[in-house]
S.K.: 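Quick one: this structure, given as structure tokens, is what I'll be asking you about.
Chain letters run A, B, ... following the sequence lines, proteins first and then strands; every chain starts at 1.
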2 protein chains.
Amino acid sequence: MTGDERRSQILHVAIKLFSQYGFRGTTTKEIARAAGVSEAMVFRHFATKEELYHAILDHKACEGGGSNPCDEIAGLIASKDDYQVFYNLMLNALNHHEADPEFMRVLFHSALEGHELSEIFIERNIVPVYELMSAYIAERQKDGAIRADVNPRVVVRAFVGMMIHHALNNSLWDRKRRLLDISNEEAARAFADILLRGVGPAAE
Amino acid sequence: MTGDERRSQILHVAIKLFSQYGFRGTTTKEIARAAGVSEAMVFRHFATKEELYHAILDHKACEGGGSNPCDEIAGLIASKDDYQVFYNLMLNALNHHEADPEFMRVLFHSALEGHELSEIFIERNIVPVYELMSAYIAERQKDGAIRADVNPRVVVRAFVGMMIHHALNNSLWDRKRRLLDISNEEAARAFADILLRGVGPAAE
DNA sequence: GTCTATACTAGGATAGAC
DNA sequence: GTCTATCCTAGTATAGAC
């Protein structure tokens, strides 16, 4: 195996373990064993455990390319089709987390442990989405499509809350304990629907 | 210090540390040091680290007494005042997690680590609330107060999602990064409002 | 690129004195 | 009830051979 291949393989194994046990809970011994190499190999490719942990961010940044949720729905935002905007944001996020549950778990662990990894990611990737969505909602309030007496940030919080909580529950145990067993499409439809009716202009 | 006092003190210190670093990420050495005693003392009161971890559940069960969210709003449920039901459930939960953020964090860590602690708690305390709320929503659908085409469990998921995500964000960094700085009352009002309008009968 | 061997610290847990 | 000393394993990291 070439250097790059091995490096990538170790990184993938590490992501899996970090996503299960967090930074402090994962040992370099485990990573080495799971990758089928000696510990010396791990430290050959990554100077420290910390460096290996941070490499996750770079890897995810590369993997995602330039694509982020904002770009994907830019067209919909321009069209001001609220339902499509929220439905697609929700569905994309749920699908994304279903396809790659590890990264979300790594971030949760990192946030709970108080590790800087999550802060870096949130500052770079989450805050901008928050801002964009808040701005969109404020704009739609001016248009009269959304009630003016709701705080846009609270709406975003509600939206993200439904999304993250559902994605995390799916990843953690819905496969096992069928508290709620629905497709991502159905979830996205229901959540977008609740949110939009919830903040829409009051009925006459 | 008497045995019980010491035991309780060690437990409290342990909860704080487990809530920060999770089970695997917390060491008995740290616990002992933070409690100002030797490690031997820790193992005198708790046979193993695992036993100490599980003692958190018993302690919280005792502390909460018999009171759980269901009892607290039983009267409101009977009155079928939807807004009061959801508002109070939300506000109680947010206040509770604000007063005692450690426990929520311990549970999150435990769930992410795949430790049985969280499963025990969820089975005993969360599932019943889920069931109660789903049943209430189904009943209100029969009454025509809530649209019949929504899945009650999805509504509960949306509700709990807003609540847990907001509580966790508050605990993790809203004090620091003021993405959303509102009182629990305001949050509960907004979330209950969004949810109820969201699932209410369609406007004519 | 990969390994074995190793250094050294930290982790969980116990023995036995006071 | 509390400590020091200790056991043994596991954890991070490095040296040096192949």
S.K.: Find the distance B:Phe23:CZ to C:dG11:P and express it as a whole number of Å.
M.R.: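 It works out to 14 Å between those atoms.
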S.K.: Please report, rounded to the nearest Å, how far the P atom of D:dT12 is from the OH atom of A:Tyr53.
M.R.: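 That distance rounds to 13 Å.
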S.K.: Could you verify whether a donor N or O on one side chain and an acceptor N or O on the other, from A:His115 and A:Glu50, lie under 3.5 Å apart?
M.R.: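 Side-chain D/A pair, A:His115 to A:Glu50: present.
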S.K.: Quick one: A:His45 NE2 to D:dA13 P, roughly how many Å, whole number?
M.R.: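 So the two atoms are 16 Å apart, to the nearest Å.
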S.K.: Please give, in whole Å, the distance from D:dG11 P to A:Tyr21 OH?
M.R.: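 To the nearest whole Å, that distance equals 12 Å.
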S.K.: Could you go over nucleotides 13-18 of chain C and give all protein N or O partners under 3.5 Å, atom names and distances?
M.R.:
unit_1 : atom_1 : unit_2  : atom_2 : d
C:dA13 : OP2    : B:Lys49 : N      : 3.1

S.K.: Begin from the C-alpha positions of B:Glu39 and B:Arg33 and carry the test salt bridge (Lys or Arg N to Asp or Glu O under 4.0 Å) through to its verdict.
M.R.: CA-CA 8 Å; B:Glu39 261 192 285; B:Arg33 191 162 38 75; over 6 Å; no
S.K.: To the nearest Å, how far apart are A:Asp4 CG and C:dT2 C1'?
M.R.: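 The answer, rounded to whole Å, is 16 Å.
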S.K.: At 4.0 Å (heavy atoms only), tell me whether B:Thr27 reaches a base, stays on the sugar-phosphate, or touches nothing.
M.R.: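 The residue B:Thr27 makes sugar-phosphate contact but no base contact.
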S.K.: For the pair made of CZ in B:Phe46 and P in D:dG1, what is the distance, rounded to whole Å?
M.R.: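 Result: 12 Å.
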S.K.: Of the candidate nucleotides D:dG1, C:dC3, C:dG11, which contains the atom at the shortest distance from the side chain of B:Met41?
M.R.: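 The answer is D:dG1.
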S.K.: Identify whether any heavy atom of B:Val42 sits under 4.0 Å from a base atom; if not, whether one sits that close to sugar-phosphate; answer base, sugar-phosphate or nothing.
M.R.: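 Nothing, no heavy atom under 4.0 Å.
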S.K.: Please walk me through it: do B:Lys60 and B:Asp100 pass salt bridge (Lys or Arg N to Asp or Glu O under 4.0 Å)?
M.R.: CA-CA 10 Å; B:Lys60 290 295 170 187; B:Asp100 176 21; 2.8 Å; yes
S.K.: Write down the distance between CZ (B:Arg24) and C1' (C:dA10), rounded to a whole number of angstrom.
M.R.: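 Checked: the CZ to C1' distance equals 15 Å.
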S.K.: Does a side-chain heavy-atom distance below 4.5 Å link B:Phe103 with B:His97?
M.R.: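 In short, these two side chains do not touch, never coming nearer than 4.5 Å.
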S.K.: Give a yes or no on whether the ring-centroid distance for A:Tyr87 and A:Phe191 is below 6.0 angstrom.
M.R.: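 No, the ring centres sit 6.0 Å or more apart.
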S.K.: Can you list the steps and then say if A:Arg7 with A:Asp4 is a salt bridge (Lys or Arg N to Asp or Glu O under 4.0 Å)?
M.R.: CA-CA 5 Å; A:Arg7 191 191 139 94; A:Asp4 279 0; 5.9 Å; no
S.K.: Report yes or no: does B:Ser110 contribute a side-chain atom to a donor-acceptor pair with the main-chain N or O of B:Val106 at less than 3.5 Å?
M.R.: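 Judged by distance alone, no pair lies under 3.5 Å.
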S.K.: If you measure only the distance, is there a donor-acceptor pair under 3.5 Å linking the side chains of A:His54 and A:Asp58?
M.R.: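 Looking only at side-chain atoms, A:Asp58 and A:His54 do not form any donor-acceptor pair under 3.5 Å.
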S.K.: I need the CZ-P distance between A:Phe18 and D:dG11, as an integer number of Å.
M.R.: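 A:Phe18 atom CZ is separated from D:dG11 atom P by 13 Å.
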S.K.: Please report, to 0.1 Å, the donor-acceptor pairs under 3.5 Å made by any side chain of residues 15-22 of chain A, with sequence neighbours excluded.
M.R.:
unit_1  : atom_1 : unit_2  : atom_2 : d
A:Ser19 : OG     : A:Ile15 : O      : 3.4
A:Ser19 : OG     : A:Lys16 : O      : 2.7

S.K.: Strictly below 4.0 Å, heavy-atom distances to any atom of DNA chain D: list the hits from residues 6-15 of chain A, or just say none.
M.R.: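 Result for residues 6-15 of chain A: none.
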